[in-house]
Amino acid sequence: MTKIFGHRGASKECPENTMISFQRAYEIGVHGIETDVQLSKDGIPVIIHDESVNRTTNGKGYIKNLTINEIKALDAGSWFSNVFRNETIPTLEELLHWIYTKPLLLNIELKNNRFAYEGLEKKVYDLVCAYGMKERTIISSFNHYSLVRMREIDDMIDIAPLYSSGIYEPWHYAKSLGARSVHPKFRSLPPYILEGFHFNQINVRPYTVNNKKWLMYFLDWKVDAIITDKPDLALSLLNGFIPPPKSFLHMVYNKLTGK
Ligand code: G3P
Ligand code: MG
């Protein structure tokens, strides 16, 4: 069965990547949470999408130039709505402490494609292990060198390259990284690519799928998981899902892409 991952929690209803956003996604009934990790000036992994705090807090500056005390003093909710003014940027440890008692999967995206964040992989790995979450965690990144470093730390943890456009026979590429999963942008997955991944036993978890027709397309293809800003919509489609005949699947893709 396809699993549904809340992108940055329930980011259409709550300020992204905050504890209330994760709590809300859990209440909606997601199978997993997708989130983003960066490193503070004093080396603490924190949960935030952008490299800077400018867009999603009342502060200014890059995460890499702020200490954890400075980061925790920021309001990470008011930019979204006054109702959320008490929200802060969570540390990865706060998220792990919350999630490890719940039946949820976790996708940690290492946001080290702009700044290198020396040692991020080991810090994240040690925290995930400390909370007994290794088997329930997927480590993804647009920085594929970072994923190879993670693979060198642990030969079993699920690593998944994020990518946004057409790689030739991407299952070979995934295997070259030591990955058994991929997180492609949803538009880069025509039927022959999905079939290739399936044949090569690579898990596919497209991002970020918010449109009903595309959600149905990926449910029809039974991808391992879908990363979405609309987990409520995805779950309602999943709950009413009836598998279609194979001949239908190619026709749906042609319609979606105007072919
Ligand atoms: O992990 C899927 C997705 O989150 C990747 O892009 O920019 O939303 O972190 P972004
Ligand atoms: Mg992300």
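Just so it is clear, the structure is predicted and the values come from calculations on it, not from any experiment. Both ligands and their constituent atoms are indexed starting at 1 by order of listing.
Under a hydrophobic-cluster definition in which Ile, Leu, Val, Met, Phe, Trp and Tyr are linked whenever side-chain heavy atoms come within less than 4.5 Å, directly or via other members, Leu189 and Leu162 are assigned to different clusters.
Asn112 is listed as a side-chain neighbour of Ser141, based on a closest heavy-atom distance under 4.5 Å.
Not a single N or O atom of Ser140, backbone or side chain, sits closer than 3.5 Å to an N or O atom of ligand 1. Between Lys111 and ligand 1, at least one pair of N/O atoms sits closer than 3.5 Å. Where the criterion is an N or O separation shorter than 3.5 Å, residue side chain and backbone included, Tyr207 fails it with respect to ligand 1. The shortest N/O to N/O separation between His183 and ligand 1 does not fall below 3.5 Å. Considering backbone and side-chain atoms alike, Thr208 places every N or O at 3.5 Å or more from each N or O of ligand 1.
For Tyr217 and Tyr253, the ring centers sit closer than 6.0 Å to each other.
Which parts of ligand 1 touch Asp36 is read off a 4.0 Å heavy-atom cut-off, strictly below it: atoms 9 (O). Within the listing of ligand 1, atoms 7 (O), 8 (O), 10 (P) sit less than 4.0 angstrom from a heavy atom of Arg8. Within ligand 1, the atoms closer than 4.0 Å to a non-hydrogen atom of Glu34 are 1 (O), 2 (C), 3 (C), 4 (O), numbered from 1 in the order shown.
If you check which protein heavy atom lies closest to atom 3 (C) of ligand 1, you get His7 NE2, 3.5 Å. With respect to atom 10 (P) of ligand 1, the closest heavy atom belonging to the protein is His49 NE2, 3.3 Å. Atom 5 (C) of ligand 1 has Glu109 OE1, 3.4 Å as its closest protein atom, hydrogens excluded (heavy atom only).
Side-chain atoms of Glu121 and Ser146 form a donor-acceptor pair, as typed in the model, at a separation below 3.5 Å.
With Asp36 as the partner, the side chain to side chain contact (heavy atoms under 4.5 Å, CB included) test is satisfied by one option alone out of Asn107, Ile108, Asn17: Asn17. With respect to Pro45, the side chain to side chain contact (heavy atoms under 4.5 Å, CB included) criterion is satisfied by exactly one of Leu127, Leu95, Thr91: Leu127.
A salt bridge between Glu152 and Arg149 is absent, with no side-chain N of the basic residue lying under 4.0 Å from a carboxylate O of the acidic one. Between Glu94 and Lys72, at least one side-chain N (NZ, or NE/NH1/NH2) sits under 4.0 Å from a carboxylate O, which counts as a salt bridge.
With values rounded to the nearest 0.5 angstrom, Trp221 atom CH2 is found 12.5 Å from Thr2 atom OG1. One finds the CD1 atom of Ile71 at 7.5 Å from the CD1 atom of Ile48 (value rounded to the nearest 0.5 Å).
The Mg ion (ligand 2) has Glu34 OE2, Asp36 OD1, Glu109 OE1 as protein N, O or S atoms under 2.8 Å away.
Of the possible donor and acceptor atoms, none in the side chain of Thr228 sits under 3.5 Å from a partner among the backbone N and O of Ala234.
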